[in-house]
Amino acid sequence: MGTKNKIGRLSIAKANVNLMPRWGASALFEPETKLKKNSSNPGLASLTLRKKLVDRLRKRGIVDDTVLNAIGSVERHQFVDSALASMAYEDLALPIGFKQTISQPFVVARTISIVIELLSKNKPKDDLAQLNILEVGCGSGYQAAVMSECFGQVTSVERIHPLYEKALKNCEEYISKRKLSLYFWDGKSGFKDGAPYDAIFFSASLEKFPDELIEQVKDGGVVLAPTGVNLQYLLAGIKDSSLNNSFSINSYDVVSYVPLRKGLDRF
Ligand code: SAH
């Protein structure tokens, strides 16, 4: 199974260079807005902050309403430590423990937008609610929750047990809607039980594009993977059965994800 490289940029959004800070590298700023202390209605405060976040993402070139509505509906402060809640609606990756980070909202929005754009070349957009998605690297569960608001069925796997357990709690509401399933699993080779997928999102970076996952993706389906050793590019491979069942690859932004690791950690 080869990879046909068709490197190019799509024009779905202004492709801002997207640098997701690694754990510990993101704290040199003053939050513009803070959750009101002792607010009698924290939900309302978070709604206002979520709207501001959505406006900021729109200004950065995110145009897909499904994605913006999903970001606007998920309470990101529920996915971080209470000490970081005041920073939850900043467009930043934040530490979640075990040297991992919750995904930056722009990265979440950008990656979902890319996949929706690529998938809608083959399918009408109304079919989003039918799509079957895998995320490798559940972390806090935030991106999984946002994706479950966009797609039909989302499975997300995590290799660090305490993070998996935290994500289960964070995502309770979304799991109970039966649109999201989480597993304690090493997703390096995907997750065959839920295949075939319309899209697989890697939320941790790989050294090489995962061609071997072709069997777990439907024809026309997409694998999105931050790939590279020193410099990482966000790559999206589209499965094309007419190309000897290989991926046709598009390259997007320069990114900085935490690395994918092998095996399971229980701590
Ligand atoms: N999208 C997540 C953040 C992901 S951070 C969020 O919104 O919170 C990357 C995550 O990938 C980490 O939690 C890390 O433990 C996990 N990870 C790394 N390698 C993995 C593997 N082989 N299988 C499953 N998860 C993995």
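One is the number of the first residue; the rest follow in order along the sequence. Just so you know, ligand 1 is whichever comes first in the structure, and atom 1 is the first atom listed for that ligand.
- Close approach of ligand 1 to Ser140 is summarised as follows: ligand atoms under 4.0 Å from at least one heavy atom of the residue are 6 (C), 7 (O), 8 (O).
- Of all atoms in ligand 1, listed by their number and element, those nearer than 4.0 Å to a heavy atom of Val258 are 5 (S), 9 (C).
- For the residue pair Asn244/Ser246, the side-chain donor-acceptor check at 3.5 Å is not satisfied.
- Which parts of ligand 1 touch Val157 is read off a 4.0 Å heavy-atom cut-off, strictly below it: atoms 24 (C), 25 (N).
- Not a single N or O atom of Pro259, backbone or side chain, sits closer than 3.5 Å to an N or O atom of ligand 1.
- Arg110 has its side chain within reach of Ile62: a pair of non-hydrogen atoms, C-beta onward, lies under 4.5 Å apart.
- Annotation for ligand 1: atoms under 4.0 Å from non-hydrogen atoms of Asp186 are 21 (C), 22 (N), 23 (N).
- Inspection of the Ser189 and Gln216 side chains reveals no N or O donor paired with an N or O acceptor under 3.5 Å.
- Under the 30°/60° scheme for interplanar angles, the aromatic rings of Tyr142 and Phe79 are found to stand perpendicular.
- Each of the following atoms of ligand 1 lies closer than 4.0 Å to a heavy atom of Ile160: 15 (O).
- Of the possible donor and acceptor atoms, one in the side chain of Asp64 sits under 3.5 Å from a partner among the backbone N and O of Thr66.
- Every atom of ligand 1 is numbered from 1 in the order shown, and the set under 4.0 Å from a heavy atom of Trp185 is 23 (N), 24 (C).
- Here atom 15 (O) of ligand 1 lies nearest to Glu158 when heavy atoms of Arg159, Gln100, Glu158 are compared.
- Within the structure, ligand 1 lacks Phe98 among the residues with a heavy atom less than 4.0 angstrom away.
- Under a 3.5 Å cut-off, the side chain of Lys239 and the backbone N or O of Ile214 do form a donor-acceptor pair.
- Contacts of Cys138 with ligand 1, taken as heavy-atom pairs under 4.0 Å, involve the backbone alone.
- Here Tyr252 and Tyr233 keep their ring centres 6.0 angstrom or further from each other.
- By the 3.5 Å distance cut-off applied to N or O atoms, Glu135 is counted among the residues near ligand 1.
- Ring geometry for Phe98 against Phe267 counts as tilted: the plane angle lies between 30° and 60°, on a 0 to 90° scale.
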